[in-house]
Amino acid sequence: MCDKVNDGLKSADLLAWYDDHARSLPWRVSPADRKAGVAPDPYAVWLSEIMLQQTTVAAVKNYFIRFMTLWPTFEDLANAEDERVMGEWAGLGYYARARNLLKCARTLRDQGGFPKDRAGLETLPGIGPYTSAAIAAIAFDHPETVVDGNVERVMARVFEITAPLPDAKPEMKKAAASLTPKMRPGDYAQAVMDLGATICTPKSPACGICPWRAPCKSRLSGLAPTLPRKRKKAAKPVRYGIAYLARRDDGAWLLERRPDKGLLGGMLGWPGAEWGELAQEAPPILANWRDPGAEVRHTFTHFHLLLSLRVADVPMDAQPVQGSFQVLRKSDLPTVMRKAFDLVVEQGALKQAEGVPSEDNVVAHQ
DNA sequence: CAGCCGTGGCA
DNA sequence: TTGCCAAGGCT
């Protein structure tokens with residue numbers, strides 16, 4: 001048997017479970033198809049893995065399908081315009097991923113395709129230890145050990161690793177490596193993650209139907225739902241800011257392209273001063289600014305934002321100090337900026353004496 | 001290397 | 001309402 005045995009934990013048991021319970025996902029080759037010789041598309045594997053970084057399957061699905069439709073190959077993506085790709089990524093978050101995605105696609109174009117091993121993959125922008133192992137395993141069926149949040153949780157439980165993260169990372173990685181099989185490593189990598197996502201879930205693990213219930217140490221001890229342990233995170237501070245929404249008489253909006261580095265890097269946004277402990281007035285154009293009253297509440301990774309709004313209708317000859325006028329596609333905006341737009345429309349804070357314009361007049365939907 | 005970097009769903 | 005969490009990487 002090629003199967004590794006480790007305290008009764010057998011990859012074959014997990015693979016057997018995966019054969020019957022694998023989730024059907026747009027980027028996945030089913031275990032049956034894989035056995036029939038169907039090879040995954042490395043481009044689809046790579047794109048999905050980048051999108052799935054710190055992001056749920058539910059959130060990714062439609063973005064993945066949209067990207068594959070617009071840009072079916074990495075060459076197509078490499079030849080796309082930056083603004084177009086950033087706009088399609090809008091709403092998915094962690095925008096550095098989109099910038100690195102483009103950078104990586106253009107490197108692939110210049111190099112003529114994907115490196116065929118993990119080390120080569122990890123040299124590419126946006127591809128780190130997890131993603132390089134995932135692509136090598138899933139796309140090329142290399143016996144690399146994939147370690148993500150799911151795997152850490154499963155390992156912490158089956159081996160009852162009680163040391164807190166991130167201290168326990170090396171131990172969990174070692175545990176994961178001890179289980180990685182030489183047969184079907186691609187299916188195995190996806191099987192552990194499916195187990196973590198559907199059975200060995202963070203809050204109420206369904207231990208009763210787990211293929212590894214018998215050898216799982218923390219199921220016996222009852223500690224499973226409490227693992228893995230994690231160090232406490234710092235409380236999020238509150239930052240304040242003001243967003244300025246100016247609508248020109250021809251329907252164009254005053255927007256700015258944010259710098260590549262930092263928060264919402266490379267994305268479109270409403271002009272204004274940087275957010276901080278105090279909200280700073282910084283009108284981007286001379287106008288009769290009005291306060292619609294409502295505020296945007298939004299939480300980022302490491303702070304809460306309270307965003308006040310200013311709205312103005314401006315004439316065609318107005319000259320902005322910051323940003324430029326352009327036709328707005330709401331779908332190009334990151335979520336916090338969409339919230340500001342939605343509030344302004346809801347408040348009816350714009351001219352149009354007879355009420356709010358219908359969205360179709362101001363927004364070109366995708 | 002610890003801080004930075006989005007968003008939505010859920011208890 | 002609040003905090004936690006999701007197929008992490010970069011600096």
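Given the structure is predicted, the values throughout are model-derived calculations rather than measurements. Values below: all heavy atoms of this structure, side chains included; hydrogens, waters and symmetry mates excluded.
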Name the nucleic acid region contacted by [X], choosing base, sugar-phosphate or nothing; use a 4.0 angstrom heavy-atom cut-off, strictly under.
| X | result |
| --- | --- |
| W89(A) | nothing |
| K230(A) | sugar-phosphate |
| T55(A) | base |
| G91(A) | sugar-phosphate |
| G196(A) | nothing |

In terms of side-chain geometry, is the basic nitrogen of E88(A) or R329(A) positioned less than 4.0 Å from the acidic oxygen of its partner?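 Salt bridge between E88(A) and R329(A), a charged N being under 4.0 Å from a carboxylate O: yes.
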Indicate yes or no: does D194(A) engage R28(A) in a salt bridge with an N to O separation below 4.0 Å.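 Yes, this pair counts.
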Report the nucleotide, chosen from [options], that has the shortest atom-to-atom distance to any side-chain atom of [X].
| X | options | result |
| --- | --- | --- |
| P334(A) | dA6(C), dT7(B), dC4(C) | dT7(B) |
| P202(A) | dT7(B), dC5(C), dG6(B) | dC5(C) |
| T56(A) | dT7(B), dA6(C), dG9(C) | dA6(C) |
| T301(A) | dG6(B), dG8(B), dC10(C) | dG6(B) |
| H302(A) | dG8(C), dC4(B), dG6(B) | dC4(B) |
| K261(A) | dA6(C), dT7(B), dT11(C) | dT11(C) |
| K203(A) | dA11(B), dG6(B), dG9(C) | dA11(B) |
| T131(A) | dG8(C), dG6(B), dA11(B) | dG8(C) |

For the residue pair R258(A) and W275(A), would you count it as a cation-pi contact if the rule is NZ or CZ under 6.0 angstrom from the ring centre and within 45 degrees of the ring axis? yes
[M] and [N], which share atom name [atom1], separated by this distance in whole Å:
| N | M | atom1 | result |
| --- | --- | --- | --- |
| dC5(B) | dG9(B) | P | 24 Å |
| dG3(B) | dC4(C) | P | 16 Å |
| dG9(C) | dG8(B) | P | 23 Å |

Between P166(A) and G262(A), which has a closest nucleotide on DNA chain B that is more 5'? P166(A)
Of R239(A) and A59(A), whose nearest nucleotide on DNA chain B comes first from the 5' end? R239(A)
Any chance you could lay out the side-chain contact (heavy atoms from CB on, under 4.5 Å) test for L179(A) and Y188(A), step after step, and finish with the verdict? CA-CA 10 Å; L179(A) 295 177; Y188(A) 175 79; 3.3 Å; yes
Answer yes or no: does atom CG of L286(A) have more than 12 heavy-atom neighbours from other residues, nucleotides or ligands under 6.0 Å?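 No, because the 6.0 Å sphere around CG of L286(A) holds 12 heavy atoms or fewer from other groups.
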Side-chain N or O of [X] less than 4.0 angstrom from OP1 or OP2 on [N]?
| X | N | answer |
| --- | --- | --- |
| H298(A) | dT7(B) | yes |
| Q54(A) | dG8(C) | yes |
| R231(A) | dA2(B) | no |

Please name the pair of heavy atoms, one in R229(A) and one in T226(A), separated by the smallest distance, quoted to 0.1 Å. CG-O, 3.9 Å
Closest-nucleotide ordering on DNA chain C, the 5'-leading residue of L124(A) and R28(A): R28(A)
